[in-house]
Q: 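One structure, pasted below without further comment.
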Number of protein chains: 2
Amino acid sequence: MGVLRKTKSVDIVLTAFNQDTTAISVIALVEQLHSEMNKTTVYRILNKLEDDGILHSFLGKNGHKWYAKCHNCSSSVHQDIHPHFQCINCGKVECLDINVQIPNIPNRKVEVSQILLQGKCEDCYNSQKPEHNVNAK
Amino acid sequence: MGVLRKTKSVDIVLTAFNQDTTAISVIALVEQLHSEMNKTTVYRILNKLEDDGILHSFLGKNGHKWYAKCHNCSSSVHQDIHPHFQCINCGKVECLDINVQIPNIPNRKVEVSQILLQGKCEDCYNSQKPEHNVNAK
DNA sequence: ATCTTAATACAACTTAGTTGCAAATATATA
DNA sequence: TATATATTTGCAACTAAGTTGTATTAAGAT
C-alpha cells in the first residue's frame, strides 16, 4: 500500500519533512498541520510514505512514533536502520550516521535493532538556561 | 517514592517476577492479576519497585512498557542498562547480558541508551509451527 | 487497642492511534 | 473536455494504555 496519487495533503506532509532536517514526532506533526488536514489523514499519509521508503519511523523515549526522511531506502528495503538521538532537555530527535556493532547472541537470530540514545544535544549542553521545545512530547 | 509497606499486593507482584525469569509486559501483568488487584494498583506498585531498584523498565516493540528484575541496582543507581531481546514471533522478551559499545558522538553527551533487538528466539527459530504467545502484546 | 498514614479500589479521565463510512477529488479513458 | 471509477479525505466514534481524584481499607507505629 503505497502512495498512489499526488494530492495536496501528501505535498504538505512532504514539505514539512523537507523543511525540518531532524525527525518529527507524529504528535507534533498532527498539531502543526491541524488546520490543513485531519489527524487521520496525517497518520495514513505517514504510513504510506514509509511503505514507499520515503520516510522511516521509530519510537521516541515515551514510545511515541517519530518519522524522518530516508536516505537510501526503497519500498522493499529499508536501509535506515541507524541509531537515533533524543535530547532529554529539548526533546529534539536526530538520526545518527554511525554504526553500532551488535555482538552475536547465542541461539538467537537478530533481525531488527532499535537503538535510541538519550542525552544533551549541542545546543542544550552549551546553554545554561534550557529552553524546552514543543517537540519534546 | 518507594515501597513502604509489605502488603499482599506487593507480594503478589513480586511473586510473579520470581516465577517468570523473563521480562513481563505491564499489559500481561494487569491481565494476569486482574482478579487479585486493580490495574491502578499494578501500575503504582511497579512504579515503586522501580524506584527502589528492584525492577527496571523499558519499552517493547510497540512502545508498551515492560518490567524485569534488576540484578545489581540500588534505589540511586540503575545498573541494568543492558539491551533487551524481543522475539518477533512469540513476543517474549529477555534481558541480554552483553555489552554494546556506543561510539563517541561529536558534540553530544549520551547519558542513556535504550537498545531493543528483535528477531527469533531459540524456541521459535527451531519450531516450524510458531505458537503465538499471549505476551506478544 | 488506637491512631496515623500509606495503600487500594473504583470510576472517570486523557491521549495516541485506529476504523467505518459517506463525500470529495485525482486520474485514466472515451 | 466530459465522464467513470477508484483512491483519498473528513468526521465521528471507537480502542486501549496509562493517569488522576477520592473515599475506603489496612499497615504498623505508639
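Residue numbering restarts at 1 for every chain, and letters A, B, ... go by the order of the sequence lines.
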Q: Which whole-number value in Å describes the distance from R5(A) CZ to dA26(C) P?
A: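 Rounding to the nearest Å, CZ of R5(A) and P of dA26(C) are 9 Å apart.
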Q: If I take atom OH in residue Y43(A) and atom C1' in nucleotide dG10(D), what distance separates them, rounded to the nearest angstrom?
A: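 From Y43(A) OH to dG10(D) C1': 16 Å.
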Q: Evaluate the side-chain hydrogen bond (donor to acceptor under 3.5 Å, both in side chains) criterion for residues E94(A) and T22(A): first the C-alpha distance (whole Å), next the side-chain angles of each, then the deciding distance (0.1 Å), finally the verdict.
A: CA-CA 5 Å; E94(A) 297 160 300; T22(A) 65; over 6 Å; no
Q: Quick test of your reading of the model: are K109(A) and E111(A) salt-bridged, counting only N-O distances below 4.0 Å?
A: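 A salt bridge is present here (some side-chain N lies under 4.0 Å from a carboxylate O).
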Q: N38(A) side chain to T40(A) main-chain N or O, any donor-acceptor pair under 3.5 Å?
A: yes
Q: Quiz question: going by heavy-atom distance under 3.5 Å, is there a donor-acceptor pair between the base of dG18(D) and the side chain of K39(B)?
A: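 Donor-acceptor pair under 3.5 Å: yes.
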Q: In this structure, how many angstroms lie between the C1' atom of dT7(D) and the CD1 atom of I45(A), rounded?
A: 12 Å
Q: Given atom CH2 of W66(B) and atom C1' of dG18(D), what is their separation to the nearest angstrom?
A: 17 Å
Q: Calculate the interatomic distance between K6(A) atom NZ and dA26(C) atom P; express it in whole Å.
A: 13 Å
Q: Looking at dT8(D), I'd like to know if its phosphate oxygens (OP1 or OP2) sit under 4.0 Å from a side-chain N or O belonging to K48(A).
A: yes
Q: Could you pick out which residue, M37(A) or T7(B), lies toward the 5' side of DNA chain D when each is mapped onto its nearest nucleotide?
A: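 Nearest nucleotide further toward 5': that of M37(A).
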Q: Can you check whether any acceptor in the base of dA6(C) is under 3.5 Å from a donor in the side chain of R44(B), or vice versa?
A: no
Q: Which residue, T40(A) or N38(B), contacts DNA chain C at a nucleotide closer to its 5' end, judged by nearest heavy atom?
A: N38(B)
Q: To the nearest angstrom, how far is I27(B) atom CD1 from dT15(D) atom C1'?
A: 12 Å
Q: What is the separation between atom CG on N47(B) and atom P on dA6(C), rounded to the nearest whole Å?
A: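 The answer, rounded to whole Å, is 16 Å.
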Q: Measure CG/D51(B) against P/dA6(C) and give the value in whole Å, please.
A: 15 Å
Q: So S57(B) and W66(B), do their side chains get closer than 4.5 Å, heavy atoms only?
A: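 No, too far: nothing below the 4.5 Å cut-off.
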